[in-house]
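Below: one structure, written as structure tokens.
So you know, we letter chains A, B, ... as the sequences are listed, proteins then strands, and number each from 1.
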Amino acid sequence: MKSLAVYWGCYILTSQYQYELSLRETMPKLGVKLIDVEEATCCGFLLESIDKFASTYLAIRNLSLAEKISKDLLTPCNGCYLSLSEALHRWRVEESTRSKIASLLRDENLFFKGELRVYHAVNFLHDSLGLRKISEAVVNPLNNLKLATHPGCHILRPSEIVSADDPENPRKLDELVEALGAETINYPGKLDCCGGPLLSLQPEKSYLISSRKINELERIGVDGLVVSCPICFKMFDSQDVIRRVAGGKASLPVVYYTQLLGLALGFKPDTLGLNLNQSPVEKLTSKISC
Amino acid sequence: MKDLYTMKESNLKMKDQLREESPFPWIQYVTSCYQCQKCTSGCTSMKHLELKPHEVVKLVNMGLIDELLESETIWTCTECLKCWERCPQGAAPVNLILSLRNLAVKGKAKLPENLLKTVSSLIEIGLIQREQRVPLKNLETVDREKLNLPKLVYPSEEFKGILLSMLEEVF
Ligand code: SF4
Ligand code: SF4
């Protein structure tokens, strides 16, 4: 069994429990053991707007806790993936950042070598585990579903730092969905942002941004939207807010990739936390046997 | 030089300072911007909020930084990072915008309330919010324990002390 450290970030541990449930259930089935990074903190993403150094310090501190457990670190959150990857990049190239942060770490008896590898769930599943292994484990193929994916921003850009997928034509999440038997579509707004980072600055406007993608997909006609980030998920799943802020009749099932994976691996919907999704996921589950 | 709309004076020294002291190393290339507007053409917030990243870069290069620090403009970027990826000159407006936010915070700008809530939670428990109870479809609410998720192990007092003193310097 392959084992690696898992860093969840804030959103999943404090509210997006269905992402945590579905990842914890599905990974052992694929031969992956996850070891939690304890005493972890926020990745630093939201502090970036306030003080960039403090934000980088938080990221490196989390990486140093993970390095004690494993050479490989998995994070299921897009935002965390960029924060950790960017901090690691800077740790490697900037002597001054390295020495300042190393001395802060020493105050807590922590030490960081900077040798671990950071994966997001998408590139870990696609590149490290592989599509074949996933499709071989499928017991309940999702043949009847036509789905759109939302890759999100922070696992794609800037490609000089993160390289989970092609920045202008990401396909990995689509291929992961197709490995479960479902069909995926290409759509004009695929690369568009969910608006999430504006949530703590201008909440109404942030939902105005997420509403565009939901309304676009309702017009096109798909069975659901698949996401791989807790912030994006919240922005698209909160359709009562979207309806209030932007009007329209938003009613599109939104699921985490790991929930979809779990259904294909034969898990029951509630085990994967599908009863926590606020969007009408029963429209999607009723089209498959589960 | 003066901005004739706002009557703000240009301060080129401030621009050099911003460039040299920014904790965002990428902003050193802002002076290479040739105003092609590729950043603005794909900007998420331009479509929705009329943020024009090329104008932010232009204003900084003209030294009209105070003007930006006081404006809502710098608080409307969604950090989609398209401008970072696509700028042919490596000027990456988003890093400039974040850098200006850092400077505005130091200058005691009034911060969005939700952002301040996040920071106080960070100082208290290391995470941006406390564990929430969330609703099931039948409107019953559940927490980690009810869902059989492991109990969280929070960071030590030592860590909180380090973060607090770091942020006290900023605010
Ligand atoms: S910042 Fe880059 S993309 Fe934007 S106008 Fe300047 S050179 Fe063009
Ligand atoms: S990162 Fe900000 S400024 Fe750059 S394109 Fe996205 S929203 Fe616009």
Heavy-atom contact with chain B under 4.5 Å, split by part of [X]:
X	result
A:Leu191	both
A:Glu48	both
A:Leu110	neither
A:Glu94	side chain
A:Leu105	neither
A:Gln18	neither
A:Ser279	backbone

Working to the nearest 0.5 angstrom, can you tell me the gap between [X] [atom1] and [Y] [atom2]?
X	Y	atom1	atom2	value
A:Thr14	B:Leu152	OG1	CG	8.5 Å
A:Leu47	B:Asn102	CG	CG	9.5 Å
B:Ser99	A:Lys52	OG	NZ	10.0 Å
A:Ser49	B:Leu100	OG	CG	11.5 Å
B:Leu149	A:Trp8	CG	CH2	8.5 Å
A:Glu160	B:Trp26	CD	CH2	7.0 Å

For a 4.5 angstrom cut-off between non-hydrogen side-chain atoms, does [X] reach [Y]?
X	Y	answer
A:Asp51	B:Val105	no
A:Asp192	B:Thr44	no
A:Glu39	B:Ser156	yes
B:Leu122	A:Leu46	no
B:Leu163	A:Arg61	no
B:Glu85	A:Ser159	yes
A:Glu20	B:Pro150	yes

Partner chain A: residue of [options] with the largest heavy-atom pair count (under 4.5 Å):
options	answer
B:Asp143, B:Val134, B:Asn148	B:Val134
B:Glu169, B:Met166, B:Lys137, B:Arg86	B:Lys137
B:Arg130, B:Lys82, B:Arg133	B:Lys82
B:Pro155, B:Pro112, B:Cys77	B:Pro155

Using non-hydrogen atoms only, which part of [X] is less than 4.5 Å away from chain A: side chain, backbone, both, or neither?
X	value
B:Leu147	both
B:Tyr154	backbone
B:Thr76	both

For [X] and [Y], which heavy atoms make the closest approach, and how far apart are they?
X	Y	answer
B:Leu81	A:Pro158	CD1-CD, 3.9 Å
B:Ile128	A:Cys42	CG2-SG, 3.9 Å
B:Thr78	A:Cys193	OG1-SG, 3.4 Å
B:Leu167	A:Ala54	CD2-CB, 4.3 Å

If we define contacts as heavy-atom pairs under 4.5 Å, which of [options] has the most with chain B?
options	result
A:Cys153, A:Ser206, A:Cys194	A:Cys153
A:Tyr11, A:Tyr57, A:Phe53	A:Tyr57
A:Asn277, A:Leu65, A:Leu208	A:Asn277

A quick test of your reading: do over 12 heavy atoms of other residues, nucleotides or ligands sit less than 6.0 Å from [atom1] of [X]?
X	atom1	answer
B:Lys146	NZ	no
A:Glu282	CD	yes
B:Tyr29	OH	no

Could you check whether any side-chain N or O of [X] sits under 3.5 Å from a backbone N or O of [Y], counting only pairs where one atom can act as donor and the other as acceptor?
X	Y	answer
A:Tyr17	B:Gln132	yes
A:Glu108	B:Glu158	no
A:Gln278	B:Pro135	yes

side-chain contact (heavy atoms from CB on, under 4.5 Å) with A:Leu201: which of B:Glu113, B:Arg101, B:Glu72?
->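 Single pass found, and it is B:Arg101.
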
